[in-house]
Amino acid sequence: MTRVLVYGDSNSWGTPSNGSGVRYDVKTRWPQVMATALGWEVAEENLPGRTTRHDDDMMLGSAMNGLLHLPVALKSQSPVDWLLIMLGTNDFKARFEQDEATIAAGLMALVDCARRVGSGKAGWDDVTPPNVAIIVPPALGKLADDATWERFAEWKGGGAISRRLGDVVRVQAKMRQVPVFDAGFVVRASRADPIHLDARAQRALGQAIAEWLGTL
């Protein structure tokens, strides 16, 4: 059976858009919906607040650094046939002072890391690279641009960056022959929460990614 590792943040972990903090169940989370549709085995390595490659002292420090933790995830979840990376949303936070080019570069650093560490398909120490694909996160919702939103300062400027990210990622990924799926073509952040997906969007995203992977 094909084994896929999903490496992401809160939208892959299953943070709800209603503010409850109670994780979406396995019938709702997009990685599980995707795996069920494909008949694949899924390993979920997703952490709310995770960035592509930045420590975050306002959360769990270096634990939020996706690049730092990826080798551990690959080794502990091996064997890995496919690695799906859906990160970048938390990099939109103003405190990281990023733009679409540097966030895309962070995603490429994750791709390069995965290819160095390997898949473990022929044994734990096998360095044969896994198949890698990038899921560009959907743009932040309109509320992120509203100065009256209570978290506006934290995410200031992130909306504009999020809307430009996909184009830059596609250019950089093409040079590495990495397939890219832009989640924003299928789903949007909820109206009440400009960061997270509602349950319907989670399910729709999982189904769409499954269909896309089936073409690769």
Side-chain angles (χ1 to χ4, degrees), residues 2 4-19 23-40 42-48 50-52 66 81-92 100 103-104 106-108 110-111 131-145 155 158-174 176-216:
T2 299
V4 56
L5 171 61
V6 177
Y7 194 67
D9 52 31
S10 56
N11 271 325
S12 299
W13 181 83
T15 297
S17 60
N18 63 10
R23 190 182 191 185
Y24 287 132
D25 62 26
V26 295
K27 293 182 179 180
T28 303
R29 296 198 300 272
W30 79 257
Q32 293 285 347
V33 172
M34 172 201 67
T36 298
L38 289 167
W40 290 5
V42 64
E44 297 178 275
E45 280 281 352
N46 305 304
L47 179 68
R50 177 178 282 152
T51 68
T52 58
D81 296 296
W82 274 96
L83 169 66
L84 303 186
I85 302 169
M86 183 173 159
L87 287 171
T89 298
N90 290 292
D91 297 56
F92 299 145
E100 60 273 19
I103 296 171
L107 289 166
M108 297 309 114
L110 289 163
V111 171
N131 297 304
V132 183
I134 292 173
I135 314 299
V136 178
L140 298 180
K142 292 182 179 180
L143 190 59
D145 297 322
W155 294 87
I161 297 169
S162 71
R163 292 187 287 272
R164 298 191 297 261
L165 180 61
D167 289 341
V168 180
V169 169
R170 280 187 287 274
V171 170
Q172 294 195 20
K174 185 176 181 180
R176 288 172 170 78
Q177 297 182 312
V178 174
V180 175
F181 182 92
D182 196 325
F185 291 162
V186 178
V187 297
R188 296 180 180 179
S190 74
R191 292 183 179 181
D193 177 348
I195 305 163
H196 298 111
L197 304 176
D198 63 22
R200 180 180 296 181
Q202 283 273 343
R203 290 188 289 267
L205 181 60
Q207 189 63 45
I209 292 175
E211 293 174 3
W212 173 69
L213 285 171
T215 68
L216 300 180

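Just so it is clear, the model here is predicted, and its values are computed rather than measured. Heads up: numbering here begins at 1 and tracks the sequence.
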field: All pairs passing salt bridge (Lys or Arg N to Asp or Glu O under 4.0 Å) where residues 25-37 contributes a residue, at least two apart
entry: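 Passing the test, one end in residues 25-37: R29-E44.
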field: Inter- and intrachain pairs under salt bridge (Lys or Arg N to Asp or Glu O under 4.0 Å), touching residues 178-190, at least two apart
entry: R170-D182
So do the side chains of [X] and [Y] get within less than 4.5 Å of each other, counting heavy atoms only?
X    : Y    : answer
P138 : R163 : no
D81  : V4   : no
Y7   : L83  : yes
Q32  : V42  : yes

So, taking the atom named [atom1] in [X] and the one named [atom2] in [Y], what distance separates them when rounded to the nearest 0.5 Å?
X    : Y    : atom1 : atom2 : answer
D91  : D9   : CG    : CG    : 9.0 Å
W40  : M34  : CH2   : CE    : 7.0 Å
W155 : D145 : CH2   : CG    : 12.5 Å
L140 : I195 : CG    : CD1   : 7.0 Å
W13  : H196 : CH2   : NE2   : 9.5 Å

Just jot down the side chain to side chain donor-acceptor pair (under 3.5 Å) partners of [X], sequence neighbours excluded, or say none.
X    : value
S17  : none
W30  : S12
R200 : none

field: Closest non-hydrogen atom pair, P48 against T15
entry: CG-OG1, 3.9 Å
query: What pair of heavy atoms forms the shortest contact from N11 to L197, and how long is it?
result: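 Taking every non-hydrogen atom into account, OD1-N, 3.1 Å.
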Residues which pass side-chain contact (heavy atoms from CB on, under 4.5 Å) with [X], listed by chain and number, not counting sequence neighbours:
X    : answer
A104 : L165, V168, V169, Q172
P194 : L143, A144, W149
L47  : R50, M64
T36  : none

- request: Apply the test side chain to side chain contact (heavy atoms under 4.5 Å, CB included) to residues V132 and W82: give CA-CA distance (whole Å), side-chain angles for both, the deciding distance (0.1 Å), then the verdict.
  value: CA-CA 6 Å; V132 183; W82 274 96; over 6 Å; no
query: Taking L87 as the fixed residue, which of I134, I103, L110, N46 is the one that meets the side-chain contact (heavy atoms from CB on, under 4.5 Å) rule?
result: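 Result for side-chain contact (heavy atoms from CB on, under 4.5 Å) with L87: L110.
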query: Can you name the residues that form a salt bridge (Lys or Arg N to Asp or Glu O under 4.0 Å) with E100, not counting sequence neighbours?
result: R164
field: Under the salt bridge (Lys or Arg N to Asp or Glu O under 4.0 Å) test, residues paired with R191 that sit two or more places apart
entry: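 R191 satisfies salt bridge (Lys or Arg N to Asp or Glu O under 4.0 Å) with no residue once adjacent residues are dropped.
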Could you give the side-chain donor-acceptor pairs of residues 203-216 under 3.5 Å, partners two or more places apart or in another chain?
from, atom 1, to, atom 2, distance (Å)
R203, NH1, T28, OG1, 3.4
T215, OG1, W212, O, 2.6

